[in-house]
Amino acid sequence: MKNEIISLLSGVIVENDFSVSFATLCQCCSVSEEQIISMIEYGIIEPLEPHMNVTYWQFSGDCIIRIKTAVRLQQDLGINLAGTALALELLDEIKSLRQQVHSLQRN
Amino acid sequence: MQYKDYYKIMGIDKKAPQAEIKRAYRKLARKYHPDVSKEKDAEEHFKEVGEAYEVLKDPEKRAAYDQLGANWKAGQSGFQPPPDWDAGFEFHGGTTTGDHVNAADFSEFFSSLFGQRAGGFQGSHQAQHTRGADSHAKVFIDLEDAYHGASRSLTLRTTVLGADGRPEVKNRTLNIKIPKGIKEGQNIRLQGQGSPDISGGKAGDLYLEIEFNPHSIYKVKGQDVSLELPITPWEAMLGANIQIPTPAGKVDLKIPPASSSGKRMRLKGRGIPAKVAGDFYITLEIVLPDKLSEQEKSLYQALQREAGNFNPRAKLGV
């Protein structure tokens with residue numbers, strides 16, 4: 001095993017990025033424009049403001065994380081986009097229910 | 001090196017037909033997928049199952065592995081495959097046959113058996129792009145770190161290709177700045193700290209998902225923080241100025257007279273800091289002393305006689 005120590009790194013909070021361009025989104029997530037368009041069609045993500053010309057589309061930083069999760073689910077579990085969209089929605093719901101249970105338990 | 005019982009990992013019999021292996025894999029992959037599972041070791045399990053499947057789904061590799069297993073006795077420590085363990089088996093190149101698993105994540109056991117043959121250790125999705133894959137990790141921080149910012153040291157275990165083309169495990173220690181104001185579930189992106197690109201392009205990014213360690217006194221929801229504040233019956237009735245803790249330090253709180261248990265108070269902007277900072281909520285909880293002295297008891301009895309007209313159950317109709 002090798003050890004390597006790197007000095008203090010600072011990054012950016014992905015979710016605080018309020019507008020990510022279409023091109024940046026593709027690049028960050030290593031996906032094609034077509035893949036992103038299909039994800040929008042299935043309601044997995046949506047652009048901040050609908051615009052006729054896709055090159056002007058802007059997205060919130062959360063979309064990066066959501067697309068990456070969607071890609072992992074698709075590749076690892078072999079589910080199609082409709083299934084991925086459903087899985088993501090259910091996961092969101094479970095997350096908020098878990099939070100509620102947690103806060104009720106502590107009361 | 002640890003011998004890995006791939007059948008045990010998959011929870012199947014050594015004689016299981018190929019179709020059953022596939023079924024078992026799919027079920028376990030869903031169960032342990034890091035995006036789905038809440039189990040602590042989900043990621044480890046997921047990788048292990050992926051590795052087991054990589055071998056068992058391929059009849060050639062499975063047969064070779066079975067022959068090896070026949071000579072292996074449980075309880076033996078230190079495993080080394082015999083030099084000609086795979087004699088008589090023909091392998092076909094490109095071992096990661098389509099499915100989703102990233103061979104670079106596999107164990108030393110796997111690479112010692114199949115490593116050199118695997119030819120181009122790369123995940124299926126890395127190949128299409130001119131940059132390395134992004135990596136992900138979870139970081140646990142304290143709520144106080146989100147208030148003040150902090151630096152955290154994190155050790156990532158990654159498998160990289162050595163000079164001889166064989167994968168080797170490398171520990172990477174990163175010192176990471178946790179930005180002030182980060183919320184639970186948010187991700188920090190560190191550019192160029194993901195996997196290196198095999199063809200010499202840019203390295204991928206590292207994404208760190210932030211989770212808060214459970215706190216002994218505060219609860220966090222989004223950027224709001226709340227505290228249950230115990231007070232005495234006389235503080236509740238008469239009002240009081242008391243000191244309360246917040247993650248940013250102690251503050252003075254004025255409790256208005258006649259505050260019932262369960263009353264919620266808000267300190268605006270004292271939640272997790274941001275341009276529009278979160279709020280700090282206080283829920284009052286009246287706490288009674290365990291025991292009363294004779295004199296205290298008689299004072300309460302005097303109070304009972306004096307305040308006899310007060311009926312807190314009037315709304316209940318009794």
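What you see is a predicted model; the values in this text were computed from it and never measured. In what follows, chains carry the letters A, B, and so on, assigned in the order in which the sequence lines appear, proteins first and then strands, with residues in each chain numbered from 1.
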Asker: With chain A, which of I210(B), I178(B), I182(B), L206(B) has the greatest number of heavy-atom pairs at distances under 4.5 Å?
Answerer: I182(B)

Asker: When heavy-atom pairs shorter than 4.5 Å are enumerated against chain A, which of I176(B), I188(B), D35(B), N187(B) gives the highest number?
Answerer: N187(B)

Asker: Heavy-atom distances under 4.5 Å only: say whether L91(A) touches chain B with side chain, backbone, both or neither.
Answerer: side chain

Asker: Taking all atoms of both residues into account, what is the closest heavy-atom pair of C28(A) and Y207(B), and its distance?
Answerer: O-OH, 3.8 Å

Asker: I'd like to know which of I65(A), I64(A), I79(A) tops the heavy-atom pair count under 4.5 Å against chain B.
Answerer: I65(A)

Asker: Look at E285(B), K177(B), R30(B) and state which one has the largest set of heavy-atom pairs under 4.5 Å with chain A.
Answerer: K177(B)

Asker: Is D205(B) in contact with chain A via its backbone, its side chain, both, or neither, using a 4.5 Å heavy-atom distance?
Answerer: neither

Asker: Check this for me: does any side-chain nitrogen of one of D145(B) and K180(B) sit under 4.0 Å from a carboxylate oxygen of the other?
Answerer: no

Asker: Please indicate whether Y56(A) has more than 12 foreign heavy atoms, meaning atoms of other residues, nucleotides or ligands, lying under 6.0 Å from its OH.
Answerer: no

Asker: Taking the basic N atoms (NZ, or NE/NH1/NH2) and the acidic carboxylate oxygens, is any pair closer than 4.0 Å for R66(A) and D92(A)?
Answerer: yes

Asker: Which heavy-atom pair separates I286(B) from S261(B) by the least distance, and what is that distance?
Answerer: N-OG, 3.1 Å

Asker: Mind checking whether H215(B) and Y218(B) have parallel, tilted or perpendicular rings, split at 30° and 60°?
Answerer: tilted

Asker: So which part of R189(B) gets closer than 4.5 Å to some heavy atom of chain A, the side chain, the backbone, both or neither?
Answerer: both

Asker: Given that the side chain runs from C-beta out, which part of Q186(B) has a heavy atom under 4.5 Å from chain A: side chain, backbone, both or neither?
Answerer: both

Asker: Please flag which part of Q27(A) lies under 4.5 Å from any non-hydrogen atom of chain B: side chain, backbone, both or neither.
Answerer: both

Asker: Parallel, tilted or perpendicular, judged at 30° and 60°: which one describes the rings of H45(B) and Y32(B)?
Answerer: parallel

